[in-house]
Amino acid sequence: MAKQQIERVKGTRDLLPEDMVKRRYVFERIREVFEVYGFKEILTPTFEYTKLFQLRSGEEVVKQLYAFKDKGGRDVSLRPDLTSSVARLFVNKFQNAPKPVKWYYITNMFRYEEPQSGRLREFWQAGVELIGSPNIEADAEVIALMIESYLSTGLKDFTLNIGDRILLDEFAKMLGVKDDIGLMRLIDKKDKMSREEFIEALKDFGLNDDAIEKVFSLIELKGKPDEVLPKAYELFTSKEAKEELKKIEELFELLKAYGVYDYALIDFGIARGFDYYTSIVFEAIAENDLGIGSIGGGGRYDNLIEVFGGKPTPATGFAIGIERLIPILESKGLLPNLRLSSDVLVVYIGKELEIKKKVIEITQMLRKERIKAEYELQGRKLRKALEYADKVEIPLVIILGKRDLAEGKATIRDMISGEQKSIEIEKIAKEVKEMLA
RNA sequence: GCCGGGGUGGUGUAGCCUGGUCAGCACAGGGGACUGUGGAUCCCCUAGCCCGGGUUCAAAUCCCGGCCCCGGCCCCA
């Protein structure tokens with residue numbers, strides 16, 4: 001009698017065989033694309049010194065971390081993402097490596113937050129980091145890769161929305177706002193309130209009518225670059241802003257060359273947390289009715305490596321949220337039917353050791369041919385064994401009893417048609433392959 | 001951290017408001033009817049009131065606290 005039932009830890013999930021086949025399918029598609037773009041797989045430790053994450057994001061981030069003291073008194077945290085670890089690794093060992101450094105990872109992350117739709121405490125991300133190039137080509141490369149990653153999973157109904165931290169900073173300056181983060185958070189919430197409420201909120205924030213007018217101009221800067229950029233050049237007057245806009249114009253030209261232009265949009269309202277991003281930021285949105293917002297995001301972080309004690313090194317990257325992507329793929333019927341069951345069940349009739357041994361030999365023969373084969377381990381009677389095969393959708397059953405064995409044969413049963421034939425034991429593997437084909 | 005809704009066998013649920021029959025049903029699982037042939041039927045078995053406290057003669061049921069789940073807020077690297 002169990003004294004105590006141990007449950008899963010809050011915000012975690014058990015992944016069952018049927019979940020794992022789907023995930024593996026998605027991971028493999030994404031991995032293929034990462035690889036053909038020349039990214040190499042890496043993995044850093046599951047936990048790091050808490051300091052690493054504090055250095056990047058400040059003290060308040062600790063309450064969103066799975067942070068604890070180990071037995072040696074070290075303050076450590078489970079990784080909330082891989083970007084910090086990658087930057088640390090780069091500073092530790094790769095500062096003199098040939099540039100660019102192109103790394104990817106597919107692994108789990110941990111954040112101590114309240115679970116809700118599309119949000120767990122342990123979750124998986126597939127992401128890349130491209131370190132060493134300050135050029136807009138590098139931004140284009142990762143954005144194109146992100147788009148192609150989604151496409152490889154069959155997703156088509158999505159957009160990659162591109163914003164820019166520099167322009168947001170310029171915007172805040174134009175309005176004379178010091179708390180640019182606060183302003184952007186407010187702008188982020190615009191869709192959750194009515195126009196009147198939004199105007200009220202902006203007034204409460206301290207903006208005058210002219211500034212509010214400008215905020216609305218900014219929000220309208222969303223869509224295809226041909227429409228948005230001309231308006232943006234009107235709204236932004238500073239030299240820095242104009243230069244940044246020129247880069248974005250070029251970025252979209254490059255995306256045309258990559259062949260992914262159709263999926264990319266401008267959205268200058270994107271803030272992406274404001275942690276360490278320095279210019280181009282982006283996030284992917286897929287239309288869905290599951291209440292899932294962004295399915296991935298990224299951007300340029302040109303001073304993070306410096307923060308970690310490295311030489312100033314530009315970098316950019318993104319991460320795809322697997323737990324958000326998979327339900328969307330599933331709801332759109334984009335995941336193929338992946339059968340889990342074995343191809344063959346070998347069943348014996350009778351209790352003689354000789355028959356059981358022959359059944360094992362047949363099973364092994366099939367396995368050597370890389371056919372997924374199992375034999376009846378429960379010792380069920382033939383009738384029950386057939387019911388079992390039917391229930392778990394094993395398409396072929398090989399039956400071996402005294403009568404078959406006496407002739408050196410076994411019976412193969414096609415579980416779908418019900419047809420059976422007697423076949424010499426040595427020829428089973430060949431026959432099974434033909435029947436499965 | 002805050003707010004709302006919920007927690008009954010492995011799964012889905014009835015019962016809760018109006019405390020009191022062995023907590024009912026279905027599916028799944030195991031066995032049998034049928035000792036070499038399944039996807040049909042019948043029978044049997046396994047297995048449950050999230051945890052702790054309180055009220056009461058009596059708690060799955062009412063009250064309090066906790067934990068967990070679903071969703072929302074904050075936040076979202």
Side-chain angles (χ1 to χ4, degrees), chain A residues 1-14 16 52-58 60-65 77 79-87 109-121 123 125 127 129 181-182 184-185 188-189 192-193 270-277 281 283 290-299 301 304 307 317-319 321 324 345 347-351 355 376 378-406 410-420 422:
Chain A
M1 259 262 269
K3 298 279 191 304
Q4 202 184 357
Q5 178 86 270
I6 308 295
E7 306 290 344
R8 269 183 289 120
V9 173
K10 181 172 180 169
T12 61
R13 272 248 176 325
D14 293 311
L16 306 183
L52 180 74
F53 307 116
Q54 286 173 313
L55 261 179
R56 181 193 69 187
S57 310
E60 73 284 0
V61 81
V62 176
K63 58 180 198 279
Q64 310 277 61
L65 290 172
S77 292
R79 57 178 173 230
D81 59 53
L82 221 70
T83 305
S84 302
S85 299
V86 163
M109 315 293 172
F110 309 83
R111 292 181 196 174
Y112 199 89
E113 298 183 291
E114 285 309 307
Q116 52 186 274
S117 183
R119 190 155 154 194
L120 292 167
R121 289 186 172 181
F123 57 95
Q125 289 189 332
E129 310 292 347
I181 298 175
M184 286 314 140
R185 279 184 190 153
D188 263 356
K189 290 196 184 78
K192 291 183 181 173
M193 48 185 127
I270 292 178
R272 296 258 348 128
F274 263 76
D275 258 332
Y276 51 73
Y277 290 114
V281 290
E283 57 189 27
L290 307 173
I292 295 173
S294 151
I295 54 171
Y301 51 99
L304 185 61
V307 168
F318 68 78
R324 294 179 172 199
L345 178 69
V347 178
Y348 56 87
I349 303 163
K351 290 182 172 145
I355 296 180
E376 175 48 47
Q378 298 299 102
R380 274 181 284 233
K381 289 177 183 166
L382 178 56
R383 182 189 184 87
K384 293 286 184 183
L386 290 174
E387 279 178 18
Y388 166 78
D390 179 56
K391 201 149 280 167
V392 301
E393 297 183 305
I394 293 177
L396 293 177
V397 171
I398 293 171
I399 302 163
L400 187 75
K402 268 187 230 169
R403 297 209 299 255
D404 305 277
L405 197 55
T411 304
I412 300 186
R413 181 180 182 85
D414 182 322
M415 291 302 288
I416 295 150
S417 67
E419 285 168 27
Q420 307 193 165
S422 189

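Naming: A, B, ... by sequence-line order, numbering from 1 per chain.
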So which protein N/O to nucleotides 40-47 of chain B N/O distances come out below 3.5 Å?
from  : atom 1 : to       : atom 2 : distance (Å)
B/A40 : N6     : A/Arg383 : NH2    : 2.4

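- Under the salt bridge (Lys or Arg N to Asp or Glu O under 4.0 Å) criterion, A/Lys10 pairs with A/Glu114, not counting sequence neighbours.
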Under-3.5 Å N/O pairs linking protein and nucleotides 68-70 of chain B:
from  : atom 1 : to      : atom 2 : distance (Å)
B/C69 : OP1    : A/Gly11 : N      : 2.8
B/C70 : OP1    : A/Arg13 : NH2    : 3.1

Can I get a per-line list of side-chain donor-acceptor pairs under 3.5 Å for residues 390-404 of chain A, giving both atom names and the distance, sequence neighbours left out?
from     : atom 1 : to       : atom 2 : distance (Å)
A/Lys402 : NZ     : A/Glu352 : OE2    : 3.3
A/Asp404 : OD1    : A/Thr411 : OG1    : 2.7
A/Asp404 : OD2    : A/Gly401 : N      : 3.0

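- Residues passing the side chain to side chain contact (heavy atoms under 4.5 Å, CB included) test with A/Arg13, sequence neighbours excluded: A/Arg8, A/Leu120.
- Of all the residues in residues 391-401 of chain A, A/Lys391, A/Ile399, A/Gly401 reach under 4.0 Å from RNA chain B with at least one non-hydrogen atom.
- Evaluation of the salt bridge (Lys or Arg N to Asp or Glu O under 4.0 Å) rule for A/Arg119 yields A/Glu113 as partners, not counting sequence neighbours.
- In this structure, of B/G38, B/C76, B/G36, it is B/G38 that holds the atom nearest to the side chain of A/Leu386.
- With sequence neighbours excluded, the residues satisfying side chain to side chain contact (heavy atoms under 4.5 Å, CB included) with A/Gln378 are A/Glu376, A/Arg380.
- In this view, A/Arg56 and A/Asp81 satisfy the salt bridge (Lys or Arg N to Asp or Glu O under 4.0 Å) rule, not counting sequence neighbours.
- By the ring pair (Phe, Tyr, Trp, His ring centres under 6.0 Å) test, A/Tyr301 pairs with A/Tyr276, sequence neighbours left out.
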I'd like a list of close polar pairs between nucleotides 3-8 of chain B and the protein, N/O only, cut-off under 3.5 Å.
none

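- Evaluation of the side-chain hydrogen bond (donor to acceptor under 3.5 Å, both in side chains) rule for A/Ser294 yields no partner, not counting sequence neighbours.
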